[in-house]
Amino acid sequence: MKSPNYKVKVGIVGCGAIGSRMATAIVRDFEKDCRISGLYDIDGERVNKLAKDLDLKNVKKRSIDSIISASDCIVEAVNSDHTLDIIERIIRAKKSVLAMSVGKLLGAAKLFNLAKKNKCYILLPSGAIAGVDAIKAASLVKTNRITLTTRKPLSGFQGNDYLDEKGIRLEDITKETVIFEGKVYEAVKHFPRNINVAATIALACQDPDKLHIRIVVSPEYTRNTHEIELDGDFGRIHTKTENVVCPDNPKTSYMAVLSGLQTLKQYCTGILIGT
Ligand SMILES: NC(=O)c1ccc[n+]([C@@H]2O[C@H](COP(=O)([O-])OP(=O)(O)OC[C@H]3O[C@@H](n4cnc5c(N)ncnc54)[C@H](O)[C@@H]3O)[C@@H](O)[C@H]2O)c1
C-alpha cells in the first residue's frame, strides 16, 4: 500500500518536443503528484540538455530496460520505427505507458490484450482534438460515418515521402489544397507524424472503417485545425479545435502536449474525468 504522499515515478522515453515539454511541466507544475525517474533518448545530447536545463540528477538512463525498471509509468514520445517494440517492452515489464504515438497503436490488439493480462495501462491522450469523450460514448449506440478534416500549415509536411511520391511539391501550393482523402489506415501510413488524431478517433469509435479523413493545406494556415463531425442514435457532434503549433516542432500541436500532461495527471491522482 503506497502512502498518500507517494509520488509516481515517471520515465520519459524520447526527449524531443513533447517529451521535453512534459518533463518540464512535471518538474515545475506536477511535483506534488509525480517525479521524473528517468530520461532516455537515442540522441544522448537531448537527454544531457534536458537534465541540465531542469537541474535533474541521476535521471540519465542508457537503455530502455533501465528506465523501465526505475519507473512506475513511462511516457513514450519517440519518433521511431521501434515505437511498438518499446511499448511492448514496457507492458511486458508490467508497467503502464502513456503512449503519444497513437498512430502506431492502430491495429495493435495484441498489445492491448497483453496490457490487460499484465494488469497495466496503455494510456492514450486525446491529443489535439476535442470530443473524444463524446465519440466513445456515442460508440455505444448506432453511429453513421465520422469525418475528420485536418487543416495544417505547409511547414507541417516538410520531408513527407508520400507527397514526394505523388509529385506534390509544397512550394507550388498557393491556395487551400486537399492533399489526402481516404481511410484511417492509409492516412496513418502516409502521414505518420501528422495524423495521430485520426488513430485516436478510430480507436475511440471502435470502427476504423467508419472514419473518413481529409487533409487540407494552405500557405494561409497558421494553426493545426481538426474538425470532427458525426451523427447517430445519440444525436450529432461537431467539434473544431484550432491549435497553435508546438514551437519546437511544427508537426506537433501544443494541445497534444497539454493533453498528454492532463492524462498523466489523471493517472497519478486517480481522478478520471471524461476518460
Ligand atoms: N497523440 C497525438 O495527438 C500526437 C500529437 C503530436 C505528436 N504525436 C507523436 O508523438 C511522438 C513524439 O512527437 P515529438 O513532436 O515529440 O517528436 P520529436 O521528433 O520532437 O521527438 C522525438 C524524439 O524521439 C527520439 N527517438 C527516436 N527514436 C528513438 C528510440 N528508438 N528510442 C528513444 N528515443 C528515440 C528522437 O531522438 C527525438 O528526440 C511522435 O510519434 C508523434 O507522431 C502524437
Side-chain angles (χ1 to χ4, degrees), residues 11-25 38-51 53 60-68 71 74-90 97-106 108 122-132 135 148 150 152-153 155-160 184 187-204 213 215 223-226 228 239 241 243-264:
I12 309 268
V13 177
C15 301
I18 294 181
S20 302
R21 282 178 178 265
M22 286 191 69
T24 305
L39 300 175
Y40 175 74
D41 196 295
I42 42 163
D43 183 343
E45 277 310 302
R46 292 196 171 194
V47 174
N48 291 340
K49 183 175 181 313
L50 189 57
D53 288 352
K60 296 185 214 169
K61 302 294 174 193
R62 290 180 186 281
S63 70
I64 297 281
D65 287 337
S66 62
I67 195 168
I68 291 173
S71 311
I74 307 278
V75 173
E76 170 279 311
V78 307
N79 151 31
S80 166
D81 291 340
H82 302 290
T83 304
L84 278 184
D85 300 339
I86 293 170
I87 295 174
E88 182 165 350
R89 276 160 78 174
I90 298 166
V97 57
L98 193 167
M100 290 306 302
S101 305
V102 183
K104 305 271 184 187
L105 285 162
L106 200 59
I122 300 177
L123 306 163
L124 304 179
S126 51
I129 47 173
V132 174
I135 294 169
L148 166 68
T150 288
K152 287 198 170 192
S155 57
F157 294 90
Q158 295 292 353
N160 180 279
V184 65
V188 167
K189 185 168 140 209
H190 298 313
F191 302 94
R193 306 289 321 276
N194 303 88
I195 198 91
N196 283 283
V197 291
T200 307
I201 297 170
L203 288 164
I213 292 155
I215 304 178
R223 295 189 164 183
N224 292 337
T225 302
H226 302 292
I228 303 168
T239 74
T241 319
N243 302 287
V244 296
V245 300
C246 200
D248 322 318
N249 184 348
K251 295 185 170 78
T252 288
S253 300
Y254 183 44
M255 179 61 92
V257 181
L258 299 176
S259 93
L261 276 167
Q262 184 55 242
T263 306
L264 181 67

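In each ligand, atom 1 is the first atom listed, and ligand 1 is the first ligand listed. We number each residue from 1, following the sequence as shown.
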For the residue pair P250 and V245, what are the closest heavy atoms and their distance? O-CG1, 3.7 Å
What distance separates I215 CD1 from I195 CD1, expressed to the nearest 0.5 Å? 4.0 Å
Is it the case that more than 12 heavy atoms not belonging to F157 sit under 6.0 Å from its CZ atom? yes
Tell me, which protein residue and heavy-atom name are nearest atom 5 (C) of ligand 1, and how many Å apart are they? A256 CB, 3.4 Å
Looking only at heavy atoms, is any part of A17 under 4.0 Å from ligand 1, and if so is it the side chain, the backbone, or both, or is it neither? both
V78 versus ligand 1: do any nitrogen or oxygen atoms come within less than 3.5 Å of each other? yes
Give the atoms of ligand 1, by number and element, whose distance to some non-hydrogen atom of R46 is under 4.0 Å. 38 (C), 39 (O)
Separation of I90 CD1 from I67 CD1 (nearest 0.5 Å): 8.5 Å
Using modelled atom types and a 3.5 Å cut-off, is there a donor and acceptor pairing between side-chain atoms of N196 and backbone atoms of G103? yes
Take atom CE of M22 as the centre, draw a 6.0 Å sphere, and report whether it contains more than 12 heavy atoms from other residues, nucleotides or ligands. yes
Which heavy atom of the protein is the closest neighbour of atom 44 (C) of ligand 1, given with residue, atom name and distance? M100 O, 3.0 Å
What atoms of ligand 1 come closer than 4.0 angstrom to any heavy atom of S80? 28 (N), 29 (C), 31 (N)
Heavy-atom nearest neighbour of atom 13 (O) of ligand 1 within options N243, I18, V75, I67: I18
Could you list the atoms of ligand 1 found under 4.0 angstrom from a heavy atom of G127? 3 (O)
Supply the atom-to-atom distance I68 CD1 to K61 NZ, rounded to the nearest 0.5 angstrom. 12.0 Å
Using distance alone, decide if ligand 1 has a nitrogen or oxygen within less than 3.5 Å of any nitrogen or oxygen in E76. no
Numbered atoms of ligand 1 (with element) below 4.0 Å of P192, judged on heavy atoms: 43 (O)
For atom 33 (C) of ligand 1, find the nearest protein heavy atom and state the residue, atom name and distance (0.1 Å precision). I42 N, 3.5 Å
Quick one: nearest non-hydrogen protein atom to atom 17 (O) of ligand 1, plus distance? R193 NH2, 3.2 Å
Y40 heavy atoms within 4.0 Å reach ligand 1 at atoms 32 (N), 33 (C)
Which atoms of ligand 1 sit under 4.0 Å from any heavy atom of N249? 14 (P), 15 (O), 17 (O), 18 (P), 19 (O), 20 (O)
In this structure, atom 2 (C) of ligand 1 is nearest to the protein heavy atom N196 CB, 3.5 Å
Report yes if K251 has an N/O atom closer than 3.5 Å to an N/O atom of ligand 1; otherwise report no. no
Where L105 and A99 come nearest, the two heavy atoms and their spacing: CD1-CB, 3.7 Å
Between OG of S155 and CG of N249, what distance do you get to the nearest 0.5 Å? 9.5 Å
P125 backbone acceptor or donor facing S259 side chain under 3.5 Å: no
Applying side-chain contact (heavy atoms from CB on, under 4.5 Å), name anything that partners R62, two or more places apart in sequence or on another chain. none
Any nitrogen or oxygen of D43, side chain or backbone, less than 3.5 Å from one on ligand 1? no
Who's the nearest protein heavy-atom neighbour of atom 41 (O) of ligand 1, and how far? S101 OG, 2.7 Å
Could you pull out, from G14, A77, G19, the option with a heavy atom nearest to atom 22 (C) of ligand 1? A77
N or O pair under 3.5 Å between V197 and ligand 1: no
Distance in Å, K251 NZ paired with Q158 CD, rounded so as to fall on 0.5 Å steps: 7.5 Å
Protein contact of atom 21 (O) of ligand 1 - nearest heavy atom, named by residue and atom, plus distance: G16 CA, 3.3 Å
Heavy-atom closest contact (G127 atom, M255 atom, distance): O-CG, 3.7 Å
Which atoms of ligand 1 have any heavy atom of V102 under 4.0 Å away? 1 (N)
Validation: residues 82-89 side-chain donor-acceptor distances under 3.5 Å, sequence neighbours left out:
unit_1: T83; atom_1: OG1; unit_2: S80; atom_2: O; d: 2.8
unit_1: E88; atom_1: OE2; unit_2: R92; atom_2: NE; d: 3.2
unit_1: E88; atom_1: OE2; unit_2: R92; atom_2: NH2; d: 2.9
unit_1: R89; atom_1: NH2; unit_2: D65; atom_2: OD1; d: 3.3
unit_1: R89; atom_1: NH2; unit_2: D65; atom_2: OD2; d: 3.4

Atom 27 (C) of ligand 1: which protein heavy atom is closest, and how many Å away? N79 O, 3.3 Å
